[in-house]
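Here's the structure we're looking at; comments come further down.
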2 protein chains.
Amino acid sequence: MPDTHTTDALRTRFIEQTGLSLQAEGLPRIAGRVLGMLIFDGERVAFGDLATQLQVSRGSISSSIRLLEERGLVKRTTEPGVRQDFFQLADNPYATMLAGIQQRQRSRRDEIAKTINLLPEESDAIGRLRAHAQFYASIDAAMGVALAQLNASEETYVGQQPVKPGE
Amino acid sequence: MPDTHTTDALRTRFIEQTGLSLQAEGLPRIAGRVLGMLIFDGERVAFGDLATQLQVSRGSISSSIRLLEERGLVKRTTEPGVRQDFFQLADNPYATMLAGIQQRQRSRRDEIAKTINLLPEESDAIGRLRAHAQFYASIDAAMGVALAQLNASEETYVGQQPVKPGE
DNA sequence: AAGTCTGTTCAGTCCTAACTGAACAATTTT
DNA sequence: AAAATTGTTCAGTTAGGACTGAACAGACTT
């Protein structure tokens with residue numbers, strides 16, 4: 001097997017790709033890598049392991065985790081008698097992400113709508129701003145569709161569920 | 001009228017908001033402001049006016065315009081006997097934007113699918129990566145819906161539907 | 001031809017968010 | 001009690017993209 005196709009190499013690449021991809025969504029790269037690691041590994045991961053395996057400072061892990069928890073993508077668990085915190089994907093992180101995107105588009109649309117309402121009626125910018133708002137409204141609606149679609153396949157694909165064979 | 005509600009103040013605010021909003025989409029802020037100005041003003045705008053009104057260097061305008069042209073959001077026009085270039089919104093910039101978003105999600109999904117195919121069949125990461133890919137696939141599909149919706153409203157209303165803030 | 005006005009390029013600067021790591025409080029271990 | 005280990009905080013550094021502005025080539029004006 002070529003050493004770029006070992007599970008470990010694929011895992012590393014996936015984590016790195018996730019970091020870049022989530023960076024484009026406005027999260028720090030390390031937060032994306034944390035998420036990637038949690039997705040790939042599945043089982044809960046210790047705070048210390050995140051820092052050592054991703055080779056970043058504990059401070060970075062702490063702040064990344066905080067962001068991911070705030071967004072509802074990751075949950076923290078503890079265990080009596082064990083000092084480290086553990087982390088794993090939240091229950092349905094993808095629905096949460098979609099809802100977040102939807103919310104941002106909606107806010108932007110409302111912002112534009114507010115501008116439209118304050119403009120003098122005869123302003124010829126109004127038509128163009130309406131088209132602009134319509135753009136965000138259509139993304140908003142589309143996210144609703146995506147959410148529905150995602151929920152439909154939720155029984156098979158929830159964040160933390162064990163994987164069913166076959167499929 | 002409060003001076004934050006003059007057309008000019010609203011225009012400036014809109015341009016600035018558009019800059020921030022597009023920045024979140026991965027464009028430089030100035031490119032977003034250029035787009036905002038083109039949306040608001042409607043008629044074509046001269047290269048020099050972009051630089052002076054937005055108070056940025058010609059170099060910045062040049063590179064921002066290049067980005068916006070590459071994305072198919074803006075088109076350049078010239079006029080015989082006039083040395084300056086003029087710019088205006090491309091024909092259906094919003095559909096183009098949606099298609100761009102869709103394309104990015106699709107690429108990411110394909111990337112994940114490739115990883116899945118290279119993993120050993122018994123890897124228990126596969127289920128989770130499938131769920132992850134499904135997330136991007138659902139956005140892809142949703143963008144298709146949004147595109148259809150946008151095209152439909154374009155023919156019927158030509159950007160004339162009323163927009164209200166909130167729900 | 002000389003001068004003016006274009007838009008583009010690119011080396012350098014600036015900005016700012018990401019990241020580090022030391023200090024810290026809290027808890028557990030020895 | 002002392003030492004070790006945990007996660008958080010925050011002042012300082014780093015990295016990298018955004019932006020500037022001088023230099024430039026091309027086209028027009030005089």
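In what follows, every chain begins at residue 1, and chains take the letters A, B, ... in the order their sequences are listed.
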Side-chain N,O ([X]) to OP1/OP2 ([N]) below 4.0 Å:
{"X": "Ser62(A)", "N": "dT8(D)", "result": "yes"}
{"X": "Arg76(B)", "N": "dT8(C)", "result": "yes"}
{"X": "Ser60(B)", "N": "dT20(D)", "result": "yes"}

How many whole angstroms separate atom [atom1] of [X] from atom [atom2] of [N]?
{"X": "Gln84(A)", "N": "dA4(D)", "atom1": "CD", "atom2": "P", "answer": "17 Å"}
{"X": "Leu50(A)", "N": "dT6(D)", "atom1": "CG", "atom2": "P", "answer": "13 Å"}
{"X": "Phe47(A)", "N": "dT9(D)", "atom1": "CZ", "atom2": "P", "answer": "11 Å"}

Please determine whether a side-chain nitrogen of the Lys or Arg among [X] and [Y] lies less than 4.0 Å from a carboxylate oxygen of the Asp or Glu.
{"X": "Arg13(A)", "Y": "Glu16(A)", "value": "no"}
{"X": "Arg11(B)", "Y": "Asp41(B)", "value": "yes"}
{"X": "Arg44(B)", "Y": "Glu79(B)", "value": "yes"}

State whether Phe87(B) and Arg76(B) meet the cation-pi test: NZ (Lys) or CZ (Arg) under 6.0 Å from the six-membered ring centroid, and within 45° of the perpendicular axis.
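Ring-cation test returns no.
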
Across the strands shown, which category fits Ile30(A) at heavy-atom distances under 4.0 angstrom: base, sugar-phosphate, nothing?
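Answer is sugar-phosphate: Ile30(A) comes under 4.0 Å of backbone atoms only.
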
For Gln55(A) and Arg83(B), take the nucleotide of DNA chain C holding the closest heavy atom to each; which residue's nucleotide lies nearer the 5' end?
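Result of the comparison: Arg83(B).
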
First of Gly48(A) and Arg29(A) reached from the 5' end of DNA chain D, by closest nucleotide:
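It is Gly48(A) whose nearest nucleotide is closer to the 5' end.
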
